[in-house]
Amino acid sequence: MNSDARHHELHLAPYAATVARSRGRHHAEPAPTYRSEYQRDRDRIIHSGAFRRLEYKTQVFVNHEGDMFRTRLTHSVEVAQIGRTIARTLRLNEDLTEAIALAHDLGHTPFGHAGQDALNHCMKEFGGFEHNLQSLRVVDKLEERYAEFSGLNLSFETREGILKHCALSKAIELGDIGERFLNKQQPGLEAQLANVADEIAYNNHDVDDGLRAGLISLEQLREIQLFHDQYEAVKRAYPDLPQRRTIHEVIRRMINIQVTDLVESSRQRLSAAAPSDIDAVRAGPAPLIGFSDDMREQNLELKRFLRKHLYQHYRVRRMSAKAQRVIRALFEVFMEDGLLLPPEYALHSARLRDKHGEAGHARACADYIAGMTDRYAIAEYERVLNPAHLT
Ligand code: MG
């Protein structure tokens, strides 16, 4: 480790992840000259093709619905900045938190959860499709950027953070990274933090996007305590503020109280459990980074509201239904004839088919489709399925 990185780690809490105690990379590499290993992970993620494609992948609203809505890219940046603030405050490893946050959605299909559900359905006889596992597959296998190895060869701790959930049957296949699901262990604190920062980011920006799209209303939101309390406070302090500014002021206050609650509750849990190092964190019975009971309840209320009124809104459902049809049709057509795939994926399919037969071919089709952006998927659907389209 270089001296800058070593110096930085001296300021971290004893239970933070450190390069000095890292479980390392699959392929040993010389230490970076100026960066820490986790900064190098972050940089590899930012330079990856999958990261750039997040710009044109849906969070809730399909990419072409408007330029103001969050995409997976801006969502990931929001998760990273919320996560970094909290990491620094709790003296956790900020670089690692940032790397995990920026990578956490790399495996998402086009069209958000509708795309994931459709692809999972298509893959049901071939091992299923899960975006978390796919994020790991992207950084471990699918990115082809380095002479010495496939994937990005990230540190264990970054990969541990990317794999948030995992079915036990899959965990067995995953080796080192799957072990904690089999042993019922926790991930490091930076991984726990990136997970909650993800929730804080999407709950709040979905409120903002939902209001802008006119799918949910202020009247509805005022039934929700988290929104209601901040809304009343802003209205009292600034009764004449225009509505757009009122909404932004309410949302920034909502983020602030959630972050504050998270910092304070996590601090209390950390001081009560006093884990001596990251291995003690991993061996603990439950995550240590989390909200107070009251804030968790308020968060659940907001989540339930968004599920009912935003994610199930008929206009969102219409778009989801169309998206699912696009994914299913593409999968079907490529499954039937692998030679319709572009050459690099036809080759990928041939390699996987050699090893795993039909399931290998299906996995290659899923890799191709999962990597698509929203607009690429729609264009490819036209090219492959519309007879009036010439190529
Ligand atoms: Mg996310």
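One-based numbering, in listed order, for ligands and for the atoms of each. Just the heavy atoms: all of them, side chains too, but no hydrogens, waters or symmetry mates, feed the values below.
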Subject >> Flag side-chain contact, heavy atom, 4.5 Å: Leu54 against Thr71 >> reply: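 Counting from C-beta outward, Leu54 and Thr71 never come under 4.5 Å.
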
[X]: its N/O/S atom lying closest to the Mg ion (ligand 1) (atom name):
X	value
Asp198	OD1
Asp105	OD2
His104	NE2

Subject >> Cation-aromatic face contact Arg44/Tyr146, 6.0 Å, 45 degrees >> reply: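 Yes.
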
Original post:
Which residue pairs pass the ring-ring contact (aromatic ring centres under 6.0 Å, His included) test when at least one of the two sits in residues 113-143, sequence neighbours left out?
Top reply: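 Output for this query lists His108-His113, His108-His131, His113-His131.
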
Sequence neighbours left out, cut at 3.5 Å: what donor-acceptor pairs do the side chains of residues 150-170 make with other protein atoms?
residue, atom, partner, partner atom, Å
Asn153, OD1, His26, N, 3.4
Asn153, OD1, His27, N, 3.1
Asn153, ND2, His27, O, 2.8
Asn153, ND2, Glu29, OE2, 2.6
Ser155, OG, Asp41, OD2, 2.8
Glu157, OE1, Ser22, OG, 2.7
Glu157, OE1, Tyr38, OH, 3.1
Glu157, OE2, Arg23, N, 2.8
Thr158, OG1, Asp41, OD2, 2.6
Arg159, NE, Asp140, OD1, 2.9
Arg159, NE, Asp140, OD2, 3.3
Arg159, NH2, Asp140, OD2, 3.0
Glu160, OE1, Gly188, N, 3.4
Glu160, OE1, Arg282, NH2, 3.2
Glu160, OE2, Arg282, NE, 2.9
Lys164, NZ, Asp198, OD2, 2.9
Lys170, NZ, Gly127, O, 2.8

Original post:
Do any of the N/O/S atoms of His108, backbone or side chain, fall under 2.8 Å from the Mg ion (ligand 1)?
Top reply: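 Within the cut-off used here (under 2.8 Å), His108 places no N, O or S atom near the Mg ion (ligand 1).
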
